[in-house]
Amino acid sequence: KRHTWEQAEGPAAYYIETLTERGELVADPFLGSGTFASVAWRLGRRVVGCDADPVAFDMARERLAA
């Protein structure tokens, strides 16, 4: 677990696959440690995200770079 409020990847994948198509943009205004962004990227979506917490943003950036 990377962030206090980190969510499971399963529900993220469900919503991303249900509501978007490959190549579409997923926006996450509460990026946290990047669960939705990571799953969206893995599922072939484009991703944009932001977070007011610079520590959380750095966690997400490291996660996505891996």
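Nothing here was measured: the structure is a model prediction, and the numbers come from that model.
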query = Mind checking what makes side chain to side chain contact (heavy atoms under 4.5 Å, CB included) contact with Glu62, not counting sequence neighbours?
reply = none

task = Just jot down the side chain to side chain contact (heavy atoms under 4.5 Å, CB included) partners of Val47, sequence neighbours excluded, or say none.
result = Ala37, Ala40, Trp41

ask   = Hydrophobic clusters join Ile, Leu, Val, Met, Phe, Trp and Tyr when side-chain heavy atoms are under 4.5 Å apart, directly or via other members; which others share one with Leu64?
value = none

ask   = Gly32 and Ala60: which non-hydrogen atoms are nearest, and at how many Å?
value = O-CB, 3.6 Å

ask   = So which residues get pulled into Leu25's cluster when ILVMFWY side chains under 4.5 Å apart are joined, directly or through others?
value = Val48

task = Under the salt bridge (charged side-chain N to carboxylate O under 4.0 Å, His left out) rule, collect the residues that match up with Arg42, sequence neighbours excluded.
result = Glu9

key: Distance, nearest 0.5 Å, that separates CZ of Arg63 from OG1 of Thr35   = 4.0 Å

message = Looking at Tyr14, is its backbone amide N or carbonyl O close enough to the side chain of Thr18 to form a donor-acceptor pair, meaning the two atoms are under 3.5 Å apart?
response = yes

query = Who pairs with Leu19 by side chain to side chain contact (heavy atoms under 4.5 Å, CB included), at least two apart in sequence or on another chain?
reply = Tyr15

ask   = Tell me the salt bridge (Lys or Arg N to Asp or Glu O under 4.0 Å) pairs involving residues 11-23, sequence neighbours left out?
value = none

task = Of all the heavy-atom pairs spanning Phe57 and Leu31, show the shortest one and how long it is.
result = CD1-CD2, 3.8 Å

ask   = By the rule that ILVMFWY residues connect when side-chain heavy atoms come within less than 4.5 angstrom, directly or transitively, which residues belong alongside Val39?
value = Ile16, Val26, Phe36, Leu43

